[in-house]
Protein chains: 2
Amino acid sequence: MPRTNANYVFRALADPTRRAIFEELTRQGEQTVHALTRYAGVSQPAVSKHLTVLKRAKLVRHRREGRETHYRAQPEALGPMVDWMEKYGAFWRDRFDRLETVLERMDA
Amino acid sequence: MPRTNANYVFRALADPTRRAIFEELTRQGEQTVHALTRYAGVSQPAVSKHLTVLKRAKLVRHRREGRETHYRAQPEALGPMVDWMEKYGAFWRDRFDRLETVLERMDA
DNA sequence: ATAAACAATAGCCAAATGGTTATGGATTGT
DNA sequence: ACAATCCATAACCATTTGGCTATTGTTTAT
């Protein structure tokens, strides 16, 4: 029901193919739909649909250049998920703590 | 396709009702199915199903006591998601950087 | 001018998802 | 002993999801 951006992000990343596409875009940078299709192992229309879902969550942006469309990752869109983890992931705080310790030690 | 634990976690948290249940458990601590049902706004069987999905992702544990079952959040299970964010969330690294700065300033 | 390439959309389908009521098994209260 | 409570499972249903092929609109190449 909730059309919040956080919800779109969570839902977008729930699918492994979509995660793979996002991962590929963060690793390799901007890619055309064609390239992503070769990578993803599903049909081109399927990739286009996934990209639409990722777009809705603002996890990717696109740029048209002639007949091809270049997509790139927009990792800032993970913000809502990070916020959520900060609120509800106690383990998370542990990591912060450990990081603090690391930094303190580095400092000594 | 992938039955990895990371995938279970991502999928479990994709549903808003499931997130709400997990949030409630981290905020208020251990709860019976009954209490969660009052909170969640769906039927008891629906809650039980959601809890099964959360269990599969190891996001909750349960403890039976007589006729009631107490569930509690297990935020360590967010680990795989944290790992993923560390790899693919550039924004994430920004936060680390900011934290470092904060800590460095605190230190001065 | 025609053909080929790229990407989005439409239309279809099977499977998964999230919900419901009904039921059953176990425990507790009267 | 009987009734009520708690929770899980079963059976069912509507909707959503993720995939496909076919098509269309552009743009580029011949």
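Here the structure is a predicted model, which is why all the values come from computation and not from measurement. Residue numbering restarts at 1 for every chain, and letters A, B, ... go by the order of the sequence lines. For the numbers below, each heavy atom of this structure counts, side chains included, while hydrogens, waters and symmetry mates do not.
Extent of DNA chain D lying under 4.0 Å from chain B heavy atoms, first and last nucleotide in 5' to 3' order, is dA4(D) to dT9(D).
When every heavy atom of V9(B) is checked against every heavy atom of L78(B), the shortest pair comes out as CG1-CD2, 4.5 Å. Here the shortest heavy-atom pairing between A40(B) and I21(B) reads CB-CG1, 4.4 Å. The two residues A57(A) and A77(A) make their nearest non-hydrogen contact at O-CB, 3.7 Å.
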Next item on the list: Indicate for each nucleotide in nucleotides 18-23 of chain C, in 5' to 3' sequence, whether protein heavy atoms under 4.0 Å reach the base (B), only the sugar-phosphate (S), or nothing (-).
Entry: BBBBB-
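Among pairs with a residue in residues 37-61 of chain A, none fulfils ring-ring contact (aromatic ring centres under 6.0 Å, His included), at least two apart in sequence or across chains. Applying the ring-ring contact (aromatic ring centres under 6.0 Å, His included) rule to pairs touching residues 51-85 of chain A yields F10(A)-W84(A), H62(A)-Y71(A), W84(A)-Y88(A), W84(A)-F22(B), sequence neighbours excluded.
Atom CG in L13(B) sits about 15 Å away from atom P in dT17(C), given to the nearest Å.
Residues L13(B) and M81(B) form a side-chain contact, since some pair of their non-hydrogen atoms from C-beta on lies under 4.5 Å apart.
In this view, K49(B) satisfies the side chain to side chain contact (heavy atoms under 4.5 Å, CB included) rule with no residue, not counting sequence neighbours. Scored by the side-chain hydrogen bond (donor to acceptor under 3.5 Å, both in side chains) test, Q44(B) finds S48(B) as partners (sequence neighbours excluded). Not counting sequence neighbours, the partners of R63(B) by the side-chain hydrogen bond (donor to acceptor under 3.5 Å, both in side chains) test are E30(B), E65(B). For R11(A), there are no side-chain hydrogen bond (donor to acceptor under 3.5 Å, both in side chains) partners at least two apart in sequence or on another chain. Checked against side chain to side chain contact (heavy atoms under 4.5 Å, CB included), Q31(A) has the following partners two or more places apart in sequence or in another chain: E24(A), L25(A), Q28(A), A35(A), L36(A).
In the region residues 60-69 of chain B, proximity to DNA chain C at under 4.0 angstrom, judged on heavy atoms, holds for G66(B), R67(B). Interface residues of residues 19-35 of chain B facing DNA chain C, ordered by number: none; criterion, heavy-atom separation under 4.0 Å.
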Margin query: Applying side-chain contact (heavy atoms from CB on, under 4.5 Å) to R19(A) and N7(B), what does each step give before you reach the verdict?
Written below: CA-CA 10 Å; R19(A) 271 202 310 282; N7(B) 197 46; 2.8 Å; yes
